[in-house]
Amino acid sequence: MRGVSRSESTSDTPTAALVFAFFMPLFIYPFPFSCYNASMKKFFGKTVFPGVSYGEIAVIRNAESIVRRLPVADPEAEVKRFTSAMAMTKLHLENIFHRVAGELGENNAQIFEAQRLILDDKDFQDSILSIIKEQAVNAEYAIAITRANFTKIFADMDDLYIKERIADLKDLCKRLVRILQNAAEEKRELPQKCIIVTDDLTPSELIRLNHENVAAIIFRHGSINSHASILARAMNIPVILNVPLPEDIAGEIAIVNSQDGYVILSPNDEEIKHAQKLINASIKYAKKLNELKGLPSVTKSGRKIKLLANIGGLKDLESALQNDAEGIGLFRSEFLYMEKNDYPTENEQFSVYKQVTYAMDGKEVIIRTLDIGSDKYLEYLGKASEEIRGIRFSLNHENIFRTQLRAIYRASFYGKIGILIPMVTSPVEVKKVKEIIADIKNDLVSEGVSIGNPRLGIMIETPAAVFIADELAKEVDFFSIGTNDLTQYALAVDCHNADRDIYYNPHHPAIFSMIKLTVRAAKKAGIKVSICGEMAANPDLLPDFLQIGVNELSVLPSLIFPLRKRIRKLD
Ligand code: PEP
Ligand code: MG
């Protein structure tokens, strides 16, 4: 455990600085730092999303389901629960094996065959069964202990092949636990308004949490620029990371003050009273911002900036509407794929896209096609989802892409939709997309399905796309600049790098130059251009954006009013 001084606590990265700036009024209640002794119950970290909250801690270990040791009255019934989960897991693995083998070849499917072999292993099964019976405990706990023991055994082996099975074992045990928890009618819910503490939570794991029950998130590790952090910010709750909390803290009460970058474990009455005071102040501030509802986002000299919302699904829609979004500038459709244990069907996607389009009532909804890969991982696709990203993945898995495009085209009949293609690097990709679209339109029309006329746009988020923006602009109706990936790829900062936050600098002059080049190419071709990466939400950059001719920004719904406030103060 490491005590951290206050000066280390506040991040100097642009994003943290930015979110701090939005909540400046909260600093009228400065935290009485000096009255706290340096006891071990106060821990510092970096702000991901500022706010104050308190509640009971629920620990999610290694980004997995919460496993508790629970005594069971009837171990035989628990054994049955385990054996039926085992049968179900086997079925899942066989289905996935066949699907992946069909789509990606047998080589890639072997991961799932390896998992099935572990599941069939007698020692593995016996270990779980004997823990359940001898200790009269729940199956999830028996699996967790068995997994820990087997991991140690595998790790100690000289055989590289066996060592590599640790990842398969982990995946298998996660699947078993998830199936057990879903199978149990009484779905294991998080405690009411709990504080999640986790080592590392992937975007797909984050998306599966019951958001309503989460009051704050503490990541022990991570990067403020990861997609897990971006997604956590969208939840509008305090989020903090790199907090060196002790291990055994499940069930304890904690205060998370991510605006000042600290966590207090087992707070006393006075500390809770103070936190409550800060919470009340932030509610007051949010109400004040709400007074901007219905007002235009125009500068004093009359320049208008269109403020659009970034959403990840239906759950963000209400917030987009409440915050006066003038449209959806970025619907990250991959989150639909991450919420589930399997690809969403055409009808499932159609239903979501249609609902969003209806709700936006004539305002454009820009749906970005699946952008899987990098840190956005689909568990049911296994390793294949880490291999390539964005449009490359979609063109390599045309059937998945076609399903999505059909759903989008069907929904386009019900409102104004734009299709946005991620990670484009070449006009060849865009031409191929257009061919597929033409084909899909033909199919739908010949099936008698009504369709609309969506605009087609691309993300400019690779340096390659910036430097051929003139050429790309001839192919599409609009550009959307993704500064998150543009920064990562231009500055050679991989999302898995340690110290990513040190090197990831959206304020590097190269990034602004690339934005300028892109805007210039768009203007020359007479197409629209917006910015939808995190940089778009930085109010300090507004004058620069206006100067180069950007007048559409797409940001988290909760950041629309703070931006509008700043726009209205600009000359
Ligand atoms: C970006 O790269 O800036 C962007 C908006 O896309 P992503 O979903 O990858 O953050
Ligand atoms: Mg991106």
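These values consider heavy atoms only, across backbone and side chains, with no hydrogens, waters or symmetry-generated copies. Not measured: the values here are computed from a predicted model. In listed order, ligands and their atoms are each counted from 1.
Using a cut-off of 4.0 Å between Lys/Arg side-chain N and Asp/Glu carboxylate O, Lys528 and Glu364 are scored as not salt-bridged.
Here the rule is side chain to side chain contact (heavy atoms under 4.5 Å, CB included) with Arg389, and of Leu370, Thr462, Asp485 only Asp485 fits it.
Glu461 places no side-chain N or O within donor-acceptor distance of the main-chain N or O of Pro422, the cut-off being under 3.5 Å. The backbone N or O of Leu542 lies less than 3.5 Å from no partner atom in the side chain of Arg566, so there is not a single donor-acceptor pair.
The OG1 atom of Thr425 sits 4.5 Å away from the CZ atom of Arg392 when rounded to the nearest 0.5 Å.
Applying the salt bridge (Lys or Arg N to Asp or Glu O under 4.0 Å) definition to pairs two or more places apart or across chains, those involving residues 343-362 are Lys340-Glu348, Glu346-Arg406, Glu346-Arg410.
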Let me have the donor-acceptor pairs involving side chains of residues 467-480, under 3.5 Å, with sequence neighbours excluded, atom names and distances please.
residue, atom, partner, partner atom, Å
Glu475, OE1, Lys434, NZ, 2.9
Asp477, OD2, Leu456, N, 2.7

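For Gln355 and Tyr414, the side-chain atoms include no donor-acceptor pair closer than 3.5 Å. At a cut-off of 3.5 Å, with distance as the only test, no side-chain donor of Gln404 or Tyr343 sits close to an acceptor on the other residue.
Only protein N, O or S atoms were scored, and 2 of them lie under 2.8 Å from the Mg ion (ligand 2).
A heavy-atom cutoff of 4.0 Å around ligand 1 is satisfied by the protein residues His227, Leu330, Arg332, Arg368, Asp371, Lys376, Arg389, Met459, Glu461, Gly482, Thr483, Asn484, Asp485, Cys532, Gly533.
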